[in-house]
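Values below: all heavy atoms of this structure, side chains included; hydrogens, waters and symmetry mates excluded. Since we're looking at a predicted model, the values are computed, not measured. Naming convention: chains lettered A, B, ... in sequence-line order (proteins, then strands); numbering from 1 in each chain.
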Number of protein chains: 2
Amino acid sequence: MSEHPPFAVAVDLAVFTIRDGALAVLLVERREEPFAGSWALPGGFVEPDEDAEQAAWRELREETGVERFPGHLEQLRTYSAPDRDPRMRVVSVAHVALAPDLPEPRAGTDAADARWWVVDDLLEGPDDADGPALAFDHRQILVDARERVRAKLEYTTLATEFVAEPFTLPELRRVYAAVWGTPPDLGNFRRKVLGTDGFVVPTDTRGHATEAGGRRALLYRRGDATLISPPMTRG
Amino acid sequence: MSEHPPFAVAVDLAVFTIRDGALAVLLVERREEPFAGSWALPGGFVEPDEDAEQAAWRELREETGVERFPGHLEQLRTYSAPDRDPRMRVVSVAHVALAPDLPEPRAGTDAADARWWVVDDLLEGPDDADGPALAFDHRQILVDARERVRAKLEYTTLATEFVAEPFTLPELRRVYAAVWGTPPDLGNFRRKVLGTDGFVVPTDTRGHATEAGGRRALLYRRGDATLISPPMTRG
DNA sequence: CCCTGTTATAGTCACAATGACTACAACATC
DNA sequence: GATGTTGTAGTCATTGTGACTATAACAGGG
């Protein structure tokens, strides 16, 4: 029989958005040791009177600088390797958040800087081809978070959380293209989205003209469906 | 900017097996307060030198009494409500484990008793129709754990972890029947399992005679596939 | 104001997988 | 060896997909 040794409990956030047609994640540059100067996922410690999800929502507001975060948040998994933080024993309850294009973030008090990074730039190559090495085990968290999002686009309507309402089907398709790395077939994509009850609900309005010209697409809003069955397949 | 208040970090386990054609879960009767006398999921605190998964494996050995646990273990999610343990702040990293029929468990030092419960008896009805109320938030953990297993049978080959090798297809089908509550169609089930490369590998042996008589089924072993695509559908 | 490039929408067709079956084979026991 | 039980094999209509082609709507340049 053993005692219960003290741990610090933190939340880390993989906040995703679509920027310029690519999946982007929010990173902060650490001001303090350890890993001062390195880039890391935003996060912080859980306060005594809140649970992990509340802490994640709080950090989300603090780090993105928006009052009411307009997107989706869910728990990813917990990382608890004994040596993951050199200072002390910290377990981190990682979360995934995603939202339509957010404003350029402001650096918080504990961060020297904060900005969006294209995820592929961070995770490409053997360890850090184009982007910086991430602090702690955040590279692994980011890998897991991206895989969660990729998988969930297949069998849920989560993609609609990446676009602001109202949105067009081509916009929604670009979300899939950004997250999966390759766009789903145009016709089949429409057939699937429109054929799934409650995926999107039509408005009889048309979108604005895009800079590239072309026919203006119809606008839609999110439906109340959450699951796609059978799933959409990537590849 | 805040300090990092101390937490205790625990693991809780939902250990599933198939007994008499029904999905069963291992519960322990608590000896100590809080919830002394109540039934709870087995679990314990994470030690300073181990991560949550190692702690879960250790508890699995201790609570089931088997040297080398023969099944599958994975993290479920983390439960962190501030008031989930009346003594102090405890966050629990819940895990799901499953294995072929295990021996009747022995009560550990901190448990007055330990036994298998039929999951449907525990979760049926408004709150506790047939089984006991569970300690802490373990009812919720159990609900989430069962749903995880149900879902994973659809798109992974996890079901094979519920049967001892070698096994017959009817045995494997009974796993699906127990977990989903209704058996998949006989012919279609065989077609799917045998048609998925690496789900099972045949041995040219036949199974023993069952008490009910009938033709003896062919024996199989687990293949190296882990994913089923497209998934098997329940209902 | 018409031509041209671009983008959205609609529809086609072969093929894969499923759901719901029926027919047949092998075994145990009476 | 008759009988009930269980496992194995195959059929067939229906659904959904992947890979296309054709047409409609719009912007901007000449």
Next item on the list: In whole angstrom, give the distance that lies between atom OH of A:Tyr155 and atom P of D:dG16.
Entry: 21 Å
Note to self: Does D:dG18 have OP1 or OP2 under 4.0 Å away from a side-chain N or O of A:Thr233?
What the structure shows: yes
Note to self: Against B:Tyr79, only a single residue in B:Asp12, B:Asp137, B:Asp144 fulfils side-chain hydrogen bond (donor to acceptor under 3.5 Å, both in side chains); can you say which?
What the structure shows: B:Asp144
Checklist line | Given D:dG7, D:dC26, C:dA10, the nucleotide with the shortest approach to the side chain of B:Pro170 | finding: D:dG7
Item checked: Side chain of B:Arg215 (C-beta onward), nearest among D:dC26, D:dA19, C:dA26 -> C:dA26
Check: Nearest-Å distance, CG (B:Leu169) to C1' (D:dG7)?
Finding: 9 Å
Check: Are a donor atom and an acceptor atom from the side chains of A:Gln140 and A:His138 found within less than 3.5 Å of each other?
Finding: no
Checklist line | For atom CZ of A:Arg190 and atom C1' of D:dA19, their distance in whole Å | finding: 17 Å
Margin query: Measuring from the side chain of B:Ala217 (C-beta onward, heavy atoms only), which nucleotide among D:dG7, D:dA25, D:dG18 has the closest atom?
Written below: D:dG7
Item checked: Separation of atom CD in A:Glu171 from atom P in C:dT9, rounded to whole Å -> 11 Å
Next item on the list: Measure from the side-chain N and O atoms of A:Arg148 to the backbone N and O of A:Leu76, and report whether any donor-acceptor pair falls under 3.5 Å.
Entry: yes
Next item on the list: Side chain of B:Pro230 only, please: which of D:dA9, C:dT18, C:dT7 is the nearest?
Entry: C:dT18
Item checked: Distance, rounded to the nearest Å, where B:Arg174 contributes CZ and D:dG7 contributes C1' -> 11 Å
Check: In whole angstroms, how far is the C1' atom of D:dT5 from the CZ atom of B:Arg173?
Finding: 14 Å
Next item on the list: Go through the steps for B:Thr78 and A:Thr78 under the test side chain to side chain donor-acceptor pair (under 3.5 Å), then give the verdict.
Entry: CA-CA 7 Å; B:Thr78 294; A:Thr78 294; 2.3 Å; yes
Next item on the list: For A:Leu218, answer base if it contacts any base atom (sugar-phosphate contacts may also be present), sugar-phosphate if it contacts only those atoms, and nothing otherwise; contact means non-hydrogen atoms under 4.0 Å.
Entry: sugar-phosphate
Check: So among A:Leu123, A:Leu122, A:Leu142, which one has a side-chain contact (heavy atoms from CB on, under 4.5 Å) with A:Trp117?
Finding: A:Leu122
Next item on the list: Nearest-nucleotide wise, let me know which of B:Gly187 and B:Lys192 is further upstream toward the 5' end of DNA chain C.
Entry: B:Lys192
Checklist line | Along DNA chain C (nearest heavy atom to each residue), the more 5'-positioned of B:Pro231 and B:Leu186 | finding: B:Pro231
Next item on the list: Whole angstrom is fine here: how far is it from CG in B:Asn188 over to P in C:dT22?
Entry: 13 Å
Next item on the list: Rounded off to whole Å, could you give me the CG-to-P distance for the A:Leu194 and C:dA10 pair?
Entry: 8 Å
Notebook entry, point to check: When only distance counts, do a donor and an acceptor, one from the side chain of A:Arg191 and one from the base of D:dG18, lie under 3.5 Å apart?
Noted result: yes
